[in-house]
There are 2 protein chains.
Amino acid sequence: MNRMVSQQAASLDGVFHALADPTRRAMLRSLADGERNIGELAAPHSMSFAAASKHVRVLEAAGLVRRRIEGRAHVCRIEPAPLAMADAWLKLYEALWSERRGAL
Amino acid sequence: MNRMVSQQAASLDGVFHALADPTRRAMLRSLADGERNIGELAAPHSMSFAAASKHVRVLEAAGLVRRRIEGRAHVCRIEPAPLAMADAWLKLYEALWSERRGAL
DNA sequence: CGATTATTGAACCGTATGGTTTCACAACAA
DNA sequence: TTGTTGTGAAACCATACGGTTCAATAATCG
């Protein structure tokens, strides 16, 4: 159980960290419209392909993106589960704080 | 709506970054039960007082915590508005991804 | 007053992050 | 085959991060 909790904590770290960057959030937004390969994800951003590729890896490590290789293209797609975890955390503490404010 | 609480621009970057650390999330959790001064926030964590103080600063910079000085104690209290912003972001994209999943 | 408490600030350290450039390589197209 | 495309890997750099320690300050106690 403790292990589960710490695993969860570790992923929360990763998910929030992944979200704490505008480039990565923009990539998620793009992926919300459908699958994209790395080049398509990189194109809108004024940085090298390699830099964008690293951002995708961060998203992948956080579990927010899944990659499948099709020929020479790496096709990425969104994975909403970790997001739900982050959302659950936010909701819980928002609820606690609202209670608290209500109690004052 | 009550007020534009944190005068600082609480950016999504800052909020997500602040949340991407277990020590800082634990501090927020502690603050959910009521106001705490820096020492009280620092105590449960096995790190120097100065390190904990820096974490509080990060939370403050993100607009998640407000500080008021009472004598020699710095009393901290939660500020839920930036959390709502983060939550709104998550909700929006969760909705998009759910739609997308539904469409497949 | 002097001692204690609560806290910040500054300097420092090791590691992570975000960016670059260059090179390598598999997959496809001509 | 040759060449182009999509991508990763490696080396490197500057800055940020999370931690430490020690000194400084302001408020309170005795």
Side-chain angles (χ1 to χ4, degrees), chain A residues 6 9-31 34-78 82, chain B residues 8-31 34-78 82:
Chain A
S6 59
S11 345
L12 268 184
D13 285 10
V15 172
F16 281 131
H17 168 68
L19 294 178
D21 182 286
T23 299
R24 291 193 288 263
R25 287 198 305 275
M27 286 176 165
L28 288 177
R29 179 162 190 242
S30 167
L31 286 168
E35 297 183 337
R36 301 271 186 273
N37 63 33
I38 311 277
E40 288 166 343
L41 287 175
H45 306 286
S46 48
M47 65 179 65
S48 69
F49 183 96
S53 173
K54 285 187 189 178
H55 280 299
V56 176
R57 279 189 99 59
V58 172
L59 291 168
E60 218 181 344
L64 287 163
V65 156
R66 265 212 304 174
R67 175 193 312 230
R68 130 185 130 256
I69 301 183
E70 262 180 22
R72 60 188 160 180
H74 292 213
V75 182
C76 297
R77 126 184 131 184
I78 221 87
Chain B
Q8 320 177 353
S11 68
L12 273 179
D13 284 14
V15 174
F16 281 130
H17 168 67
L19 294 178
D21 183 284
T23 300
R24 290 192 290 262
R25 286 198 305 274
M27 287 175 165
L28 289 177
R29 185 176 179 214
S30 167
L31 286 167
E35 298 183 336
R36 300 272 185 276
N37 63 33
I38 311 278
E40 288 167 341
L41 287 175
H45 306 286
S46 48
M47 65 179 64
S48 69
F49 187 97
S53 173
K54 285 188 190 178
H55 280 300
V56 176
R57 272 210 162 293
V58 172
L59 290 169
E60 217 181 344
L64 287 162
V65 157
R66 268 219 297 180
R67 174 193 313 230
R68 129 185 131 257
I69 301 182
E70 261 178 22
R72 59 189 161 178
H74 292 213
V75 181
C76 297
R77 134 183 118 185
I78 220 87

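Labels below follow one simple rule: chain letters A, B, ... track the order of the sequence lines, proteins then strands, and each chain is numbered from 1.
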* Asked: Atom CD of A/Glu60 to atom P of D/dT7: distance rounded to whole Å?
  -> 12 Å

* Taking side chain to side chain donor-acceptor pair (under 3.5 Å) as the test, write out the residues that go with A/Ser30, two or more places apart. => A/Arg36

* Asked: Taking C-beta and beyond as the side chain, do B/Leu64 and B/Ile78 meet within less than 4.5 Å on heavy atoms?
  -> no

* **A/Arg36 CZ - D/dT7 C1' separation (whole Å)** => 18 Å

* Asked: Which whole-number value in Å describes the distance from B/His74 NE2 to C/dT7 C1'?
  -> 5 Å

Anything under 3.5 Å between a donor and an acceptor, one on a side chain of residues 38-49 of chain A, the other on a protein residue two or more places apart or in another chain? List them.
| residue | atom | partner | partner atom | Å |
| --- | --- | --- | --- | --- |
| A/Glu40 | OE1 | A/Asn37 | N | 3.0 |
| A/Ser48 | OG | A/Ala51 | N | 3.1 |

* Using side-chain contact (heavy atoms from CB on, under 4.5 Å) as the criterion, list what pairs up with B/Arg68, not counting sequence neighbours. => B/Glu35, B/Glu70, B/Val75

* If a pair satisfies salt bridge (charged side-chain N to carboxylate O under 4.0 Å, His left out) and one of its residues is in residues 47-63 of chain A, list it, with sequence neighbours excluded. => A/Glu60-A/Arg67

* Asked: Atom CD1 of B/Ile38 to atom C1' of D/dA26: distance rounded to whole Å?
  -> 15 Å

* Asked: Measuring from A/Phe16:CZ to A/Ser11:OG, what's the distance to the nearest 0.5 Å?
  -> 11.0 Å

Under 3.5 Å, sequence neighbours excluded: what are the donor-acceptor pairs made by side chains of residues 17-27 of chain A?
| residue | atom | partner | partner atom | Å |
| --- | --- | --- | --- | --- |
| A/Asp21 | OD1 | A/Thr23 | N | 2.8 |
| A/Asp21 | OD1 | A/Arg24 | N | 3.2 |
| A/Arg24 | NE | A/Ala18 | O | 2.8 |
| A/Arg24 | NH1 | A/His55 | ND1 | 3.1 |
| A/Arg24 | NH2 | A/His17 | O | 3.1 |
| A/Arg25 | NH1 | A/Leu19 | O | 2.7 |
| A/Arg25 | NH1 | B/Asp13 | OD1 | 2.9 |
| A/Arg25 | NH2 | B/Asp13 | OD1 | 2.7 |

* Annotated protein contacts, base or backbone, on nucleotides 11-24 of chain D with a non-hydrogen cut-off under 4.0 Å, one of B, S, - each -> B-----SSBBB---

Output one line per pair: protein atom, nucleotide atom from nucleotides 26-30 of chain C, and distance, for all N/O pairs under 3.5 Å.
| residue | atom | partner | partner atom | Å |
| --- | --- | --- | --- | --- |
| C/dA27 | N3 | A/Arg72 | NH1 | 3.4 |

* List in chain and number order the residues that pass side-chain contact (heavy atoms from CB on, under 4.5 Å) with A/Arg29, two or more places apart in sequence or in another chain; answer none if no residue qualifies. => B/Tyr93

* To do: Take atom CZ of A/Arg57 and atom P of C/dG19, then tell me their distance rounded to the nearest Å.
  => 16 Å

* Asked: For the pair made of CD1 in B/Ile69 and C1' in D/dT28, what is the distance, rounded to whole Å?
  -> 15 Å

